Every structure is written in C-alpha cells, then in structure tokens.
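Just so we're on the same page: letters track the sequence lines, and every chain starts at 1. All of these numbers come straight from a predicted model, not from anything done at the bench.
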Amino acid sequence: MIGSSVLSIIYLIGSVTFILGLKMLSRPGTARNGNLVAAGGMLAAILGTIFLYRVDDQPLHNYGWIFTALVIGTVIGVLAAKKVKMTAMPEMVSLFNGMGGACAALISIVEFSHHSAMDGMVVIMLLSLIIGAVSCAGSIIAYGKLAGKIKDFAFNGQHIVNLFVLGLIVILSVLLFTGISPTILFYSVCLLSIIYGVLFVLPIGGADMPVVISLLNSFTGVAAACGGFLYNNPVMLTGGILVGSAGTILTILMCKAMNRSLKNVLIGSFGGSSTAGGSTGEQGHYKEISLADTAVVLAYANKVIIVPGYGLAVAQAQHAVHELEKLLEDRGVTVKYAIHPVAGRMPGHMNVLLAEADVPYEKLLEMEDANNELATADAVLILGANDVVNPAAKTNPASPIYGMPILEVENAKAVIVNKRSMKPGYAGIENELFFQPKTSMLFGDAKKVLQDLTASIKEV
Amino acid sequence: MEYILAFINQHIELIYIVILSVFLGVEVISRVPSVLHTPLMSGANAIHGVVIIGAIIVMGKADPENYLALFIGFLAVMLGTVNVVGGFVVTDRMLEMFKGKKK
C-alpha cells in the first residue's frame, strides 16, 4: 500500500519535471539543465514503475526480460546518439520517434489480445494503435528520405488513395464494435495504419520534412497519452499530451514559415505538386566566378552576409565557414549569418550546426533582421541554400513556394552562390536568382570551396 | 455511443488533465526562440518516450508462459528505451554545443 502511494508521488514528480524540463528547454541558458531535469524525472518514473507498480496487489514479474530489454535499448540508444553526426541529427530524431510510435502500437496489440469487453478502452487501444503505427511507419520513411535511402515517390490521385485508406481505417474501427471477428479487424487496422503512414510521407519532398517530423513527433506524444488512459497513469498522460500539443505548435510555426496549411500536410499532397508544377523549363544564362575573384570581393567588402543552407550541412562545412568568418573579421570585414527558419532540414538546424563550430550567437540574424541588413551588405555568400532565397516566392504566384517568406538577398550589392551544380533545390524548382546579373555562381563542395577561399584570402 | 459517455464519466479527471496539459504545452512552447527549435523537438521526442512505462507494465504482468506477449513486450520495452535514452543523449549533445559560446 505504501509502495503505491510512493509511486503516485513519483509520477507526480515525473509530470512536474516534464513541464519544467520543457519550460527550461525553451531558454538558451537553462536548456541543457532542462533536458537533464526531464531525464531525471523519466528515470524515476521508470524505476518506480518497475519496482512499485502493482497489478491486483501483485508486483510485476518477468524482471529478467525487462532488464535485458532495458539494457539492450540503452546500449543501442547511447551508441546511436553518440555516434550520429550533427548533420544527420534530423533523421536520428525521426528514427527515435518511430521507435516510440512502434512501442505505443505494440502495447495496444498486447492489451487488445487479452481484453474481452467492448468498451471505451477499445477506442483508446485503437487510437493508440493507429497513431502509433502511422507515426512509426511515417518516421521510418522520413528517416529513409533524409538519409537519401528512399526517393520521392508520387502517383496521380495519391491523396484520393490516402483518403480512401484513412476512411477504411475509420470504417474497420467502427465495424470492430459490432463484435464480429474483432481480432482480424484489429490487425487489419494495424496494417492499414502502417500503409497510411508510408503513403502519407512518401510523396513529400525533403524541404517539407521538418514539418512532417515535427507532426509525427506530436502524433507519438498523443499515442503515449493514450497509454495514460489505458493504465490510468498520469505521468504518461501529461508527458504525452505535453509533447502532443508542443509538437503541434511547433508544426504550425513551421507551416507558417513555409506558407503551408496544416490541412495540406495531413492530406499528404504538398510535395507532389511542387515537383510537377514548378519548373519553368527555361534555363537562361548564369555567370561563374573564380575562387580568386570571390576572395577579392569578400576581402574588400565592408560587410558580408553568409546564408547557410543544407549544402553546408551535407558538406560538414560549419568549421570551415567559421574559419573564413574569423579571417574576414580580422581584416575588418563585418560578417554576419542570415538564418532562414527552415534552412537545412529542421527548424534551427543551421543554428545547431553553427553553434557546433563556435560561431557567436550575435552573428546569427533571424529572417526579419537579416532582411533589414541585407540591403547594406556588399556581398552575400550563399552556401548550399536554394529555396529559401528563391525570389519566385515573392514574384511568381504559380510557384509552389509562392508566399513563403524568403531572405531577400537580391537587395545586396553582389550575390555569390556556392552550389555543387545547377540542379534545382529540394522543392524541385528553378531559381531565377541564379540568372540575375548581380549573381555569380561558385561551383563546388561547400567545405572544399570555403577552405580554398580562406587560403586565397590570406594571399590577397 | 454509451461506451463513450461511460468512458468520459469514468475518466473525467484524466480528461481535465488532458485539456489543461494541452494549454500548458502551447503556453510553454510558443515562447521558444527559433534557435532552440531543433533541440526542443528532440527533447520533446525523448519525453514522449514515457510510453515505455506502458511497455514495462505490459511486460511485467504478462504470463511467463505466453511467449508471444513476452516477445512483443520485450520489443516494446527495447524500442521505448532507445527512444528515451537516445532522445535525451542526442538533445544533451546538441545543447552542449550551445553552452560554450555564451561567455
């Protein structure tokens, strides 16, 4: 009896640490401690459950199995988290998220197998199963896409098929309550949810992947909260719902930054149309610039603004760009970074990368400040960013990215674009910026180019 | 329909928690600077790993003879652990980088 009261208090403390943790995570100064606070609460809740949880006054058993699973999971988790490169962080988060979703779906499967009555609990199990399975399948696809293992794939009428699958899931779930072969229906719902998760993410282009991961993250939160109902467990409920609502807000913030509606995300239609409708087909002429010329332009500028994008992340060039920035600063050039909220593959991706290279905070400009300062810059150096500087977002209503706020780099005196080739960016559309008279192209891998630039500027 | 009404009645306190938590989550998150979005998403990702508690309960009350339930439970606990541990460690790694440059 004392044990279960203690457990209740542990759960209470756990819930409070999650709230505090999230709160502290939202301030730069306290973020790291916030993460530790939440982790501490989690550890207490897990240990408390193992030793103090009672089913009909009986303690839990199968400790051997539980601890083996915990140890294996911990080893895999620590190794994966320690080994992953900072650039691969988004896909890692996606993969972890998928595992949480799978966990929720598996719990539902076991609970359903020894649950006989048709009551409200079955609704919760179904919800947890559907959301968990969609989140798991979707996250694995998102991981595959970000890791470059799965290509974009869309077919005509994709969102009709998606809606059909979704409808089928709902119909089968309702039928389940008639009590006719519920087990078969339950597993059919599980299978369909996995299919839906795959279909839902498959056509979405990489530029929209941050939105998808954030959305799936909040899905898993809701699935975890369903577990809170199943076991009447407040810590699962608060933890899950907090993540569910926080993830939704984050998703909406991202949607706003990219001018998408959440409805479009849910129907899974946005990426597909952007590959189809965007290309103008007209290439135009672009001019190339040599390394030596770039070095001169940068070295003699008063103010240079660097626009980092995914290309910088892929090339692992965050340290190289910091070297270049320090060198230019030593020569008296003001250097700043213009950070688009969705540059890279996740919101804040660029901030994390540049932080890794010790770039000072005050050098990072958020979009609004950046747009005010761009007009005063002598040169803008774009490193592997494309869609976030595409003027079509302002000028071409037919463009799939029309309306997305962009960095207005064309206001600067000169624009130098570093890319690996003329291939379109992730949204699959041409960028007229590259063909403007002010713009010069500097082809090559971002890291190599930056190192060579640093060497050339030293000689100027 | 009566399932749902009965369910709501039985769990009214949990439903209050849900509603309050929704507003709490919104309040806490909407003030985050965009610099912290990625670590925050990752931290939230670790927190929803709390689902592992359900997996532990499933495992702990499973009949030791029921190998299917044990196997599925085992898988669930393992995946949940990866989610929790990996999530917190990755978040810590990201935030570690923010720390040094505040001086």
Side-chain angles (χ1 to χ4, degrees), chain A residues 18 22-23 25-26 31-32 35 38-39 42 49-50 55 60 62 65-66 69-70 72-74 76-78 80-81 93 96-97 99-100 102-104 106-107 110 119-120 214 217 220-221 224 227 231 236-243 245-246 249 341 346-349 351-352 355-356 358 360, chain B residues 3 7 14 17-18 21-22 25-26 28-32 34-38 40-45 47-51 53-62 64 69-70 72-92 94-95 97-99 101:
Chain A
F18 292 163
L22 275 179
K23 179 104 190 132
L25 269 169
S26 62
R32 197 170 179 201
N35 186 49
M42 183 72 80
T49 307
I50 295 176
V55 183
L60 296 175
N62 301 319
W65 286 80
I66 294 178
L70 282 173
I72 297 176
T74 306
I76 297 176
V78 170
V93 172
F96 288 150
N97 180 50
M99 292 181 181
C103 182
L106 291 174
I107 292 172
V110 178
D119 54 15
S214 170
N217 195 30
T220 311
Y231 301 109
M236 289 176 79
L237 197 69
T238 31
I241 291 290
L242 271 177
V243 174
S245 67
I249 288 298
M346 280 182 119
H349 193 181
N351 303 81
V352 172
E356 190 196 3
D358 287 326
Chain B
Y3 299 143
F7 182 85
L14 291 183
I17 297 180
V18 168
S21 298
V22 168
V26 172
V28 169
I29 295 314
S30 46
R31 285 186 214 132
V32 180
S34 72
V35 200
L36 284 172
H37 276 174
T38 298
L40 178 81
M41 191 195 290
S42 175
N45 177 48
I47 290 177
H48 71 49
V50 73
V51 69
I53 288 178
I56 291 172
I57 297 174
V58 161
M59 187 97 235
K61 66 181 189 182
L70 280 181
I72 296 178
F74 184 81
L75 210 60
V77 174
M78 202 177 75
L79 293 175
T81 316
V82 176
N83 185 180
V84 170
V85 176
F88 281 122
V89 174
V90 137
T91 312
D92 191 60
M94 277 189 233
L95 293 169
M97 296 180 304
F98 282 106
K99 230 181 122 195
K101 52 200 206 66

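- Put simply, the side chain of A:I107 reaches to within 4.5 Å of the side chain of B:V51, judged on heavy atoms.
- Heavy-atom distances place the side chain of A:M42, and not its backbone, under 4.5 Å from chain B.
- The backbone N or O of B:V22 lies less than 3.5 Å from a partner atom in the side chain of A:S245, making a donor-acceptor pair.
- The parts of A:L25 that come within reach of chain B are both its backbone and its side chain, each placing non-hydrogen atoms under 4.5 angstrom from that chain.
- Taking chain B as the reference chain and counting heavy-atom pairs below 4.5 Å, the highest number among A:L70, A:I50, A:I76 is found for A:L70.
- When each of B:I72, B:V89, B:I53 is checked for heavy-atom pairs under 4.5 Å with chain A, B:I53 comes out on top.
- Listed for the A:N62 side chain is a donor-acceptor partner under 3.5 Å among the backbone atoms of B:M59.
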- Message: Apply side-chain contact (heavy atoms from CB on, under 4.5 Å) to residues B:L70 and A:W65 and explain how you reach the verdict.
- Response: CA-CA 8 Å; B:L70 280 181; A:W65 286 80; 3.8 Å; yes
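- Of all non-hydrogen atoms in A:C103 and B:A76, the two that sit nearest each other are SG-O, 3.2 Å.
- Comparing A:V55, A:I72, A:L60, A:L22 by how many heavy-atom pairs each has under 4.5 Å with chain B, the most go to A:L60.
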- Message: As a quick check of understanding, evaluate side-chain contact (heavy atoms from CB on, under 4.5 Å) for B:F74 and A:I66, giving each step before the final call.
- Response: CA-CA 7 Å; B:F74 184 81; A:I66 294 178; over 6 Å; no
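- A:L237 is listed as a side-chain neighbour of B:V18, based on a closest heavy-atom distance under 4.5 Å.
- Both the backbone and the side chain of A:F18 come within less than 4.5 Å of a heavy atom in chain B.
- Taking A:D119, A:I249, A:T238 one by one and counting their heavy-atom pairs under 4.5 Å with chain B, the maximum is reached by A:I249.
- Looking at A:V78, the atoms closer than 4.5 Å to chain B (heavy atoms on both sides) sit in the backbone and in the side chain alike.
- A 4.5 Å side-chain heavy-atom check between B:T81 and A:M99 finds every atom pair outside the cut-off.
- Of the possible polar contacts, none joining the A:N217 side chain to the B:A44 backbone as a donor-acceptor pair under 3.5 Å is found.
- Atom-to-atom distance recorded for B:M78:CE and A:L106:CG is 10.5 Å, nearest 0.5 angstrom.
- The choice from B:I17, B:D92, B:V77 that makes the most heavy-atom pairs within less than 4.5 Å of chain A is B:D92.
- The minimum heavy-atom distance between A:A224 and B:V50, with the atom names listed, is CB-CG1, 4.4 Å.
- B:V84 is not listed as a side-chain neighbour of A:F96, based on a closest heavy-atom distance of 4.5 Å or more.
- Listed for the A:N35 side chain is a donor-acceptor partner under 3.5 Å among the backbone atoms of B:F88.
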- Task: Please assess A:N351 against B:T38 for the test side-chain contact (heavy atoms from CB on, under 4.5 Å), listing each intermediate value before the final yes or no.
- Result: CA-CA 9 Å; A:N351 303 81; B:T38 298; over 6 Å; no
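- No part of A:A80 comes within reach of chain B, as not one of its non-hydrogen atoms sits under 4.5 angstrom from that chain.
- When all heavy atoms of B:S21 and A:L242 are compared, the closest pair comes out as O-CD2, 3.9 Å.
- Across B:G73, B:G49, B:A62, the residue that shares the most heavy-atom pairs under 4.5 angstrom with chain A is B:A62.
- Interface summary for chain A: among B:L40, B:I57, B:T91, B:V85, the most heavy-atom pairs under 4.5 angstrom belong to B:I57.
- Residue A:N97 holds its CG atom at 5.0 Å from CG of B:N45, rounded to the nearest 0.5 Å.
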